[in-house]
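Let me begin by presenting the structure, written as structure tokens, before commenting on it.
Quick note: numbers below take in every heavy atom, side chains included, and nothing from hydrogens, waters or symmetry partners.
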Amino acid sequence: MFHRLLRAMPSKATMASSSWNPKLTQEQLLVLRDKFTEKPHTGAYLNNKEKGVYHCANCDQPLYKSTTKFDAGCGWPAFYEEIKSDALTYNRDTTHGMERTEICCSKCNGHLGHVFEGEGWKQRLGLPKDTRHCVNSCSLSFKKDY
């Protein structure tokens with residue numbers, strides 16, 4: 001079951017176990033709580049084209065509008081901006097011999113993925129920002145617009 005996960009960062013569980021949604025799968029807990037990463041090209045929302053809003057799978061906070069999702073070819077869902085400026089927290093991540101910026105849900109501190117800037121998406125795809133939020137599918141839930 002866990003063959004789809006890669007260890008991305010050391011475990012930094014910051015919430016009491018009672019704070020985690022009891023409906024989460026073991027895979028979701030490993031990503032959201034223990035900061036694992038899905039293997040690329042395996043996530044449920046990678047190719048989702050439906051209109052709606054992506055929420056935190058743990059606490060249900062809205063995180064991204066589907067209109068900000070784009071195909072970055074990176075193997076994970078990519079978004080160019082969060083739904084509102086206080087939806088995420090940003091943390092310096094120096095694991096694996098590189099410096100990255102981790103993104104977490106600001107409400108529950110669940111690990112979502114990483115954000116990258118200056119990769120040329122604004123010029124290549126005409127996006128409003130040159131930012132890529134690389135997000136694990138299993139850290140998200142999706143609510144379709146009707």
_Shortest non-hydrogen separation from Cys138 to Leu32 and the atoms involved_ = O-CD1, 4.4 Å
_Do Asn109 and Thr89 make a side-chain contact, defined as non-hydrogen atoms from C-beta onward lying under 4.5 Å apart?_
yes
*asked:* Could you tell me if the side chain of Thr101 sits less than 4.5 Å from the side chain of Arg92, heavy atoms only?
replied: no
*asked:* Please report the interatomic distance OG1(Thr131) to CD(Glu81), rounded to the nearest 0.5 Å.
replied: 8.5 Å
*Say you draw a straight line from CD of Gln61 to SG of Cys105; how long is it, rounded to the nearest 0.5 Å?*
4.0 Å
*Knowing that exactly one of Tyr80, Tyr54, Tyr64, Trp76 qualifies, which makes a ring pair (Phe, Tyr, Trp, His ring centres under 6.0 Å) with His133?*
Tyr64
*So, the side chain of Lys23 versus the backbone of Ala57: is there a donor-acceptor pair under 3.5 Å, distance only?*
no
_Nearest heavy atoms of Cys74 and Pro40, plus distance in Å_ = O-CB, 4.1 Å
*Does Asn136 use its side chain to pair, donor to acceptor, with the backbone of Leu112 at less than 3.5 Å?*
yes
*Verify, without hydrogens or angle tests, whether Thr68 (side chain) and Phe79 (backbone) share a donor-acceptor contact under 3.5 angstrom.*
no
*Just do the side-chain contact (heavy atoms from CB on, under 4.5 Å) check on Val31 and Thr37 with the steps written out, would you?*
CA-CA 6 Å; Val31 171; Thr37 299; over 6 Å; no
*Atom CG of Asp130 and atom CD of Gln123: how far apart are they, to the nearest 0.5 Å?*
8.5 Å
_Nearest non-hydrogen partners of Ser106 and Asp86, listed with the distance_ = OG-O, 2.6 Å
*Pairing of Glu117 and Lys129 as salt bridge, 4.0 angstrom limit*: no
*Please report the closest heavy-atom contact between Glu38 and Ser137, naming both atoms and the distance.*
OE1-N, 2.7 Å
*asked:* Checking the side chain of Asp93 only, and the main-chain atoms of Arg100 only, is there a donor and an acceptor separated by less than 3.5 Å?
replied: no
*Locate the shortest heavy-atom distance separating Asn91 from Cys104; write the atom from each residue and the value.*
ND2-SG, 3.5 Å
*Given His111 and Glu102, is the side chain to side chain donor-acceptor pair (under 3.5 Å) satisfied, shown in steps?*
CA-CA 8 Å; His111 172 75; Glu102 175 196 22; 2.8 Å; yes
_Just verifying a value: how many Å separate His41 NE2 and Lys39 NZ, rounded to the nearest 0.5 Å?_
12.5 Å
*What is the minimum heavy-atom distance between Ala78 and Arg132, and which atoms define it?*
CB-CG, 3.9 Å
*Quick one: does Gln28's side chain have a donor or acceptor within less than 3.5 Å of a partner on Asn58's backbone?*
no
*Side-chain heavy-atom pair Val135, Leu140 within 4.5 angstrom cut-off*: yes
*Which residues share a side chain to side chain contact (heavy atoms under 4.5 Å, CB included) with Leu125, sequence neighbours left out*: Phe70, Trp121, Leu127
*asked:* Looking at Asp60 and Lys107, is any side-chain nitrogen of the basic one under 4.0 Å from a carboxylate oxygen of the acidic one?
replied: no
*Is there a donor-acceptor pair closer than 3.5 Å between any side-chain N or O of Lys69 and the backbone N or O of Tyr45?*
yes
*For the side chain of Arg124 and the backbone of Glu119, is there at least one donor-acceptor N/O pair under 3.5 Å apart?*
yes
*Taking the side chain as C-beta and beyond, is there a heavy-atom pair between Cys56 and Cys108 under 4.5 Å?*
yes
